[in-house]
Amino acid sequence: MIDTAFDLVIRHARIATASDTFSADIGITGGRIVQLGTNLGAGKKKIDAAGRTVTPGGVDAHCHLDQPMAPPVRMADDFNTGTRAAACGGTTTVISFAAQEKGQSLRAAVDDYHRRADGRAHIDYSFHLIVSDPTAQVLTEELPALIAEGYTSFKIYMTYDDLKLDDGQILDVLDVARQHGAMAMIHAENADCIEWLTRRLEAGGRTAPRFHAHARPMLVEREATHRAIALAELVDVPILIVHVSGREAIEQIRWARSHGLQVFAETCPQYLFLTAEDLGIDDSYQGARCICSPPPRDKANQEIIWNGLNDGLFTLFSSDHAPFNYDGSEGKKPGGSEVEFRHIPNGLAGIETRMALLYSEGVLGGRITLQKFVELTATNPAKAYGLHPRKGTIAIGSDADLVIWDERDLVLRNTQLHHAVDHTPYEGMALKAWPGLTLSRGEVVWDGQEFHGRAGSGQFLSRGAPSLMPRQPGGRA
Ligand code: URP
Ligand code: ZN
Ligand code: ZN
């Protein structure tokens, strides 16, 4: 017996990492894992996992919390409610977005976003940047300085009028990513095609929520994905295509990989569990709940996404939690009334359900291995965004961010969730598992019944260089 007084010992854990499953006790001191082994000595506290599976706490590397919106629209979740929901769903680190408004300095956007998070988060958090106005000052001073300070990733939009960059601007920003070793995330949809299609739909009176999917067919995602890949090839920099929805974008990414290009890809629960029919099969407004971009596709594309999760096409599985209420005047009915689809805020809630959906349907449904689950939900996101090995794994020296899984049948109900959104797109779904315990740096934040977090206990994480990328800053392959 090793005689060490741990703060906490988790006994009889079936530990799953991205590479192995093994049985051991976990010794935790000072919020970190300090020992793994059988028959560890006593701890001041003890939890018996009783043979249940223990995975690293989830790293949700794509979620939107309290992101400033044009009034009257407002996100339903701030850092308090959003990180509470994350913890109850088995996520222990979130990376959300400090979004630059056009005309605003990037630094001001980051400062404002820190004020929104300070003292509110229950779990650890970090920020990606959103670059919407790449002025000379941003490109030569602000962005390099922020990357050096640990904001080592940023998102570029090819759509949305208030955020989109043209190709020349994208090249400029990608060049900064190359020189400074940052990860560039790209929202790939062709803005002009969407606008053209939207106007035609509107001219024909087709403005109900379901027509959102008609305005954003896979072609617009395919073209933008292809263009993003070409721009990245020109600059010679890795990129990560976020929220990939189906076959056509996947084909572009496979083509890029087959040509030796470093193109990473992320997908989200909505592309596995929803289809365009969830936006409505008639002109009723209910489908506004499921409006997101790119939109969910069809059953055949869901299968293609499952294949991509299995065969390594996808590096990350994130929620893209973008929380808007259905009722009231700040969310899906801006100003309190039903509006044309172009005015409905894009995005859906998923921060609390991401892990259980993939564990239930993926691991327990026999579609992916437990190792793949850990890789997609924790290890790879931590690596992609410079948090590994502190986050995303179960290893000596890593933060004690852990989930003990309860494998049991349950039916998903929004009333049981902890976000501040008035609905879940997955209402009524049958699941086979839910986190029975979530630990954030060794503290129980969710015990399967109740939330035990404390606002302000989540720490801001300054991040290192992405470790999925073999290149050095400024270097070529
Ligand atoms: O519809 C979506 N995905 N909304 C969130 C913002 C984004 O583009 O990720
Ligand atoms: Zn996006
Ligand atoms: Zn998003």
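Start at 1 and go down the list; that is how both ligands and their atoms are numbered. Note that the numbering runs from 1 along the sequence shown for the chain.
Checked against E248 for a salt bridge (Lys or Arg N to Asp or Glu O under 4.0 Å), the options R297, R216, R222 give a single hit: R222.
Side-chain contact, N414 with H423: no donor N or O sits under 3.5 Å from an acceptor N or O. Remark: the N380 side chain and the H388 side chain contain no N/O donor-acceptor pair separated by less than 3.5 Å. In this structure, a donor-acceptor pair under 3.5 Å is absent between the side chains of H243 and S293.
With a 4.0 Å heavy-atom cut-off, ligand 1 is reached by the side chain of A322 but not by its N, CA, C or O. Only the side chain of D320 comes within 4.0 Å of ligand 1, judged by heavy-atom distances. With a heavy-atom cut-off of 4.0 Å, K155 touches ligand 1 through its side chain alone.
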Query raised in the report: What do the steps show when you test E361 against K432 for side-chain contact (heavy atoms from CB on, under 4.5 Å), and what is the final call?
Result: CA-CA 8 Å; E361 295 299 313; K432 303 183 189 79; 3.9 Å; yes
**Report entry** Evaluation steps, side-chain contact (heavy atoms from CB on, under 4.5 Å), between L370 and W405
**Finding:** CA-CA 12 Å; L370 189 52; W405 285 90; over 6 Å; no
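With ring centers used as reference points, Y160 lies under 6.0 Å from H187. In this structure, F97 has its ring center closer than 6.0 angstrom to the ring center of H62. Here Y271 and F317 keep their ring centres 6.0 angstrom or further from each other.
Annotation for W196: atom CH2 does not count as buried by contact number, only 12 or fewer foreign heavy atoms lying within 6.0 Å.
Heavy-atom contacts of H243 reach the following atoms of ligand 1: 7 (C), 8 (O), 9 (O) (cutoff under 4.0 Å). Ligand-side atoms of ligand 1 in range of G347: 1 (O), 2 (C), 4 (N), range being under 4.0 angstrom from any heavy atom. Annotation for ligand 1: atoms under 4.0 Å from non-hydrogen atoms of H62 are 9 (O). The distance from ligand 1 to the heavy atoms of C292 drops below 4.0 Å at these ligand atoms: 1 (O).
Among all non-hydrogen protein atoms, the one lying nearest atom 8 (O) of ligand 1 is H187 ND1, 2.9 Å. Scanning all protein heavy atoms for the shortest distance to atom 4 (N) of ligand 1 gives N346 O, 3.3 Å. Protein heavy atom nearest atom 1 (O) of ligand 1, with residue, atom name and distance: S293 N, 2.7 Å. Atom 6 (C) of ligand 1 has as its closest protein heavy atom H64 NE2, 3.5 Å.
Tally of protein N, O or S atoms closer to the Zn ion (ligand 3) than 2.8 Å: 3.
For R254, the salt bridge (Lys or Arg N to Asp or Glu O under 4.0 Å) partners at least two apart in sequence or on another chain are D311.
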